[in-house]
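To start, the structure itself, in structure tokens.
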Protein chains: 2
Amino acid sequence: MATKIKRTRKRRALELFDSTLDYGLLSELTGFAIKRANVIDFASFGNTLDDKTVTPLRFSMLNLIGCNPGLQQVQLADALGLSRSATTVTIDYWDERGCVERRSDPADRRSYGIYLTDEGRTRLDRIAGLVAAHDKKFTENLTRAELVELRRLLAKLYMR
Amino acid sequence: MATKIKRTRKRRALELFDSTLDYGLLSELTGFAIKRANVIDFASFGNTLDDKTVTPLRFSMLNLIGCNPGLQQVQLADALGLSRSATTVTIDYWDERGCVERRSDPADRRSYGIYLTDEGRTRLDRIAGLVAAHDKKFTENLTRAELVELRRLLAKLYMR
DNA sequence: TATTGTTATACTCTATAACTATA
DNA sequence: TATAGTTATAGAGTATAACAATA
């Protein structure tokens with residue numbers, strides 16, 4: 001009997017460009033090649049964690065809070081390139097799960113300092129281990145030297 | 001007087017990592033570096049076109065239809081890594097604007113062949129020119145050799 | 001007046017599931 | 001039974017605008 005292959009998101013991502021179609025301009029765009037790498041990375045990110053609601057963005061936020069305790073929400077927004085409202089909902093996500101807390105700042109009562117709770121620290125440490133392993137797997141086809149070169153070239157794209 | 005700088009999406013994207021914050025694990029992740037490049041690319045994509053509703057995904061779809069007239073929706077879905085439902089709504093977008101048409105396939109009345117209209121061809125040609133220029137600008141900091149190398153390294157990430 | 005944060009609202013992207021028509 | 005396409009629904013990501021509290 002023919003095996004039924006489930007068309008998961010990851011499978012779809014990997015099959016991109018596997019066909020015999022003409023991609024025209026798309027195949028020449030570096031932006032599209034980067035997007036494609038990003039799609040593959042994010043698709044397998046989900047399989048790394050048991051809780052599918054922990055997305056790359058949410059992880060990034062928790063990680064940043066863990067590394068820089070006490071930042072204001074505007075600072076977190078700037079650091080991740082988010083609007084204030086997007087930042088609010090992302091922090092809400094972790095707040096609702098008891099992983100971060102908003103402490104009022106007595107010196108400026110408009111703002112809060114954002115801190116990890118003990119629960120948040122435990123969660124972050126666990127997730128970070130899985131994410132690091134995921135990224136290692138993602139880049140396993142590249143040698144150490146190639147990886148360094150890739151990072152250098154990507155960095156040149158940001159320079160303005 | 002101090003100039004008020006509007007915090008556009010593109011500006012936010014470019015400022016990522018400009019701060020003195022500790023990004024911890026994030027700064028070591030190749031996946032994050034790729035995401036960042038992708039964010040910058042997409043943020044400026046919007047500024048390239050006057051019609052902000054023409055997104056990278058929608059452009060990709062129109063381009064693919066233009067290069068491969070008569071494909072079924074399932075084939076377009078596979079080619080872009082989309083679910084059938086996501087494909088439907090993306091084609092709907094162009095259909096509503098008179099740029100593509102669904103022609104019933106007499107040989108298999110469940111499916112359609114998707115084709116560009118004259119209007120779609122005109123639009124595609126115009127947009128493609130802008131997108132090509134956008135990608136050239138995006139990669140302007142890299143030499144020709146560096147660009148080739150970047151594409152080679154990205155391709156290694158997809159290999160499985 | 002300007003800034004911090006929240007809420008309301010909206011649009012894009014994307015999926016799964018249920019459904020219709022057809023194979 | 002399986003496949004092509006649509007529709008309903010939902011969650012994630014993201015923005016702008018309006019608002020309250022505070023500076």
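Heavy atoms only: backbone and side chains are in, while hydrogens, waters and symmetry mates are out. Here is how names work: the chains are called A, B, and so on, in the same order as the sequence lines, proteins then strands, and each is numbered from 1.
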By side-chain contact (heavy atoms from CB on, under 4.5 Å), A:Q75 pairs with (sequence neighbours left out) A:L71, A:Q72
For A:L57, enumerate each residue passing the side-chain contact (heavy atoms from CB on, under 4.5 Å) test, keeping only those at least two apart in sequence or located in another chain.
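Result, side-chain contact (heavy atoms from CB on, under 4.5 Å) vs A:L57: A:T55, A:L82, A:T90.
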Any A:S85 side-chain N or O less than 4.0 Å from OP1/OP2 of D:dA15:
no
Please confirm whether the shortest side-chain N or O distance from A:Q75 to OP1 or OP2 of C:dT4 is below 4.0 Å.
no
Indicate, with a heavy-atom threshold strictly under 4.0 Å, whether B:T87 touches base, sugar-phosphate, or nothing.
nothing
For B:S111, report the nucleic acid contact type (base, sugar-phosphate, nothing); a contact means any heavy atom under 4.0 Å.
sugar-phosphate
Between the protein and nucleotides 19-23 of chain C, list every N/O to N/O distance that falls short of 3.5 Å.
| residue | atom | partner | partner atom | Å |
| --- | --- | --- | --- | --- |
| C:dA23 | OP1 | B:R109 | N | 2.8 |

Those residues that, when tested against [X], pass side-chain hydrogen bond (donor to acceptor under 3.5 Å, both in side chains) (two or more places apart):
X: A:E101; value: A:R103
X: B:N141; value: none
X: A:D50; value: A:R126
X: B:R102; value: B:Q73, B:D92, B:D95

Which pairs count as ring-ring contact (aromatic ring centres under 6.0 Å, His included) when at least one residue sits in residues 45-82 of chain A, sequence neighbours excluded?
A:F45-A:H134
Residue pairs passing the ring-ring contact (aromatic ring centres under 6.0 Å, His included) test where at least one lies in residues 71-129 of chain A, sequence neighbours excluded:
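Applying ring-ring contact (aromatic ring centres under 6.0 Å, His included) to every pair that reaches into residues 71-129 of chain A, excluding sequence neighbours, yields nothing.
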Proximity to DNA chain D (any heavy atom under 4.0 Å), residues of residues 55-69 of chain B only:
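Of all residues in residues 55-69 of chain B, none places a heavy atom under 4.0 Å from DNA chain D.
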On DNA chain D, does the nearest nucleotide to B:K35 precede the nearest nucleotide to B:T88 from the 5' side, or the other way round? Give the residue.
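Mapping each residue to its closest nucleotide by heavy atoms, the 5'-most match is B:T88.
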Enter the distance from B:L76:CG to B:S60:OG here, rounded to the nearest 0.5 Å.
11.5 Å
Whole angstroms only, please: what is the CG-C1' distance between A:L80 and D:dA15?
16 Å
Nearest-Å distance, CG (B:N47) to P (D:dA15)?
13 Å
Here the pair of heavy atoms bringing A:G31 nearest to B:D41 is CA-OD2, 3.3 Å
Does anything in residues 140-150 of chain A pair up under salt bridge (charged side-chain N to carboxylate O under 4.0 Å, His left out), and if so which pairs, sequence neighbours excluded?
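Pairs touching residues 140-150 of chain A that pass the test: A:K137-A:E140, A:E146-B:R152, A:E146-B:K156, A:E149-A:R152.
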Degree of bending, the helix from C:dT1-D:dA23 to C:dA23-D:dT1 (end axes from five pairs; round to 10°)
10°
